[in-house]
Peer 1: 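Following this message is one structure expressed as structure tokens.
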Amino acid sequence: ADMTLSAIPSDLTDEDILFAGDILATAYTGCVAGAIEHGDVVVVVGAGPVGLLAAECAMLFAPSRVFVVDLLADRLRQAAELGAT
């Protein structure tokens with residue numbers, strides 16, 4: 001634990017950090033479990049907070065494309081702004 005802890009900046013509350021850390025870890029772990037490899041095609045179903053982070057995390061593994069599926073146009077716009085299709 002002493003190798004992975006980071007101090008919370010004084011201008012952020014515990015609640016600000018807790019939720020960001022939780023959903024980012026969930027998204028990244030999903031990408032690792034999905035065994036994404038260079039050149040793969042990735043599909044993320046759902047463009048809520050975890051889905052958008054999963055799309056961003058997937059891009060770390062250099063897939064050829066990341067598709068995001070959702071019913072809400074605003075969420076799809078956000079996914080496109082992150083580089084997903």
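Please read all numbers here as calculations on a predicted model, not as lab measurements.
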Peer 1: Who pairs with Asp74 by side chain to side chain donor-acceptor pair (under 3.5 Å), at least two apart in sequence or on another chain?
Peer 2: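 Per chain and number, Asp74 pairs via side chain to side chain donor-acceptor pair (under 3.5 Å) with Arg77.
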
Peer 1: Tell me whether Asp70 contacts the main-chain N or O of Leu72 through its side chain, where contact means a donor paired with an acceptor under 3.5 Å.
Peer 2: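 Confirmed, Asp70 side chain pairs with Leu72 backbone.
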
Peer 1: For Ala58 and Pro63, which heavy atoms make the closest approach, and how far apart are they?
Peer 2: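 Looks like O-CD, 3.2 Å.
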
Peer 1: Mark yes when over 12 heavy atoms from residues, nucleotides or ligands other than Glu37 sit less than 6.0 Å from its CD; otherwise mark no.
Peer 2: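 No - once you tally the heavy atoms of other residues, nucleotides and ligands closer than 6.0 Å, there are 12 at most.
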
Peer 1: Report yes if the side chains of Cys57 and Val32 come closer than 4.5 Å at any heavy-atom pair, otherwise no.
Peer 2: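 Not in contact.
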
Peer 1: Are Leu60 and Val42 grouped together when hydrophobic residues (ILVMFWY) are joined by side-chain heavy atoms under 4.5 angstrom apart?
Peer 2: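 Result: yes, single cluster for both.
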
Peer 1: Is there a continuous path of hydrophobic side-chain contacts, each under 4.5 Å between heavy atoms, that joins Met59 to Val44?
Peer 2: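 They do share one cluster, since a chain of ILVMFWY contacts under 4.5 Å joins Met59 to Val44.
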
Peer 1: Do other residues, nucleotides or ligands put more than 12 heavy atoms under 6.0 Å from Leu71 CG?
Peer 2: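 Open: at most 12 neighbouring heavy atoms sit under 6.0 Å from CG of Leu71.
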
Peer 1: Would you say Leu53 and Val68 are hydrophobically clustered, going by side-chain heavy atoms of ILVMFWY under 4.5 Å?
Peer 2: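 Per the 4.5 Å side-chain linkage, Leu53 and Val68 are not co-clustered.
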
Peer 1: Is Tyr28 reachable from Leu52 through a run of I, L, V, M, F, W or Y residues, each pair having side-chain heavy atoms under 4.5 Å apart?
Peer 2: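 No, Leu52 and Tyr28 fall in different hydrophobic clusters.
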
Peer 1: Can you name the side chain to side chain contact (heavy atoms under 4.5 Å, CB included) partners of Thr29, sequence neighbours left out?
Peer 2: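 With neighbours one apart ignored, the set is empty.
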
Peer 1: With rounding to the nearest 0.5 angstrom, report the CD to CZ distance, Gln78 to Arg75.
Peer 2: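 That separation rounds to 8.0 Å.
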
Peer 1: Using the rule that Ile, Leu, Val, Met, Phe, Trp and Tyr join whenever any side-chain heavy atoms are under 4.5 Å apart, tell me whether Val45 and Val41 fall into a single cluster.
Peer 2: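 In one cluster: yes.
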
